[in-house]
Each structure stands twice: as C-alpha cells, then as structure tokens.
Amino acid sequence: MRDQFHAPLTPYDKEADDFATQADYASERTILDILRAAHPTDRFLAEESGTTGNRSDRVWLIDPLCGTRNFAAERHSWPSISPCA
C-alpha cells in the first residue's frame with residue numbers, strides 16, 4: 001500500500017459512486033495469499049473477489065483498503081493497519 005500511495009491509480013467502477021483501484025486488488029491478493037497459507041481450510045469473503053475457500057465455521061471478512069477514496073485523493077486518513085468498522 002505504501003509504495004502505491006503517491007503512484008498514479010486507475011479507478012475501476014464497482015457500483016454507483018464506488019470504485020476500487022489496483023492498490024485494493026493487490027493488497028487483497030496479498031492478504032488472501034497469507035491467510036490461505038496459514039488457514040487452508042477456512043472460507044474467505046473479500047470485498048473485491050467475493051467468497052472463496054471451503055465451507056468452514058471460520059469465515060474471514062476482508063476489506064483490503066478501508067478508505068479507497070481517501071487513499072486515491074492522497075489523504076492520510078485511511079487506515080493502513082487498523083480494522084474498519
């Protein structure tokens with residue numbers, strides 16, 4: 001995320017007045033790769049790629065970049081580590 005903060009970003013439309021960037025997709029892939037390696041039998045519900053994995057009592061909810069609009073506008077008010085509500 002940090003290396004993409006001041007880089008040019010390409011917005012990808014999702015729904016009305018909502019978008020994702022390559023930073024969202026790249027960070028989600030990284031998070032999923034790490035979690036799948038550590039918890040291969042779990043299920044994952046990710047904002048950009050949807051549901052993957054096995055039917056499991058444990059489901060990981062992944063929002064790779066909470067604050068995409070602030071991130072894209074280069075505002076420092078996006079959480080890079082802390083969870084979103």
Side-chain angles (χ1 to χ4, degrees):
M1 294 299 245
R2 290 185 192 131
D3 64 336
Q4 295 185 44
F5 185 58
H6 293 292
L9 297 173
T10 302
Y12 299 96
D13 289 334
K14 290 171 41 173
E15 297 174 10
D17 198 35
D18 194 13
F19 66 96
T21 68
Q22 69 269 25
D24 293 271
Y25 292 106
S27 65
E28 183 174 287
R29 278 191 304 273
T30 300
I31 293 166
L32 284 169
D33 288 348
I34 292 167
L35 288 175
R36 284 182 185 135
H39 304 281
T41 61
D42 289 357
R43 191 169 78 176
F44 309 94
L45 175 55
E47 182 178 15
E48 310 309 336
S49 61
T51 303
T52 58
N54 302 306
R55 291 197 179 272
S56 172
D57 290 338
R58 184 170 32 203
V59 178
W60 296 82
L61 304 176
I62 301 161
D63 182 352
L65 175 53
C66 184
T68 297
R69 192 171 306 276
N70 286 335
F71 184 86
E74 296 187 7
R75 294 186 189 115
H76 291 277
S77 56
W78 54 276
S80 58
I81 296 174
S82 60
C84 291

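In terms of the side-chain hydrogen bond (donor to acceptor under 3.5 Å, both in side chains) criterion, T41 has no residue partners (sequence neighbours excluded). Shown here are the salt bridge (Lys or Arg N to Asp or Glu O under 4.0 Å) partners of R58, two or more places apart in sequence or in another chain: D42.
H39 and F44 get closest at one heavy-atom pair: O-CZ, 3.6 Å.
Listed for the E48 side chain is no donor-acceptor partner under 3.5 Å among the backbone atoms of E28.
When each of D57, N54, T52, T51 is checked for a side chain to side chain contact (heavy atoms under 4.5 Å, CB included) with R43, only T51 meets the rule.
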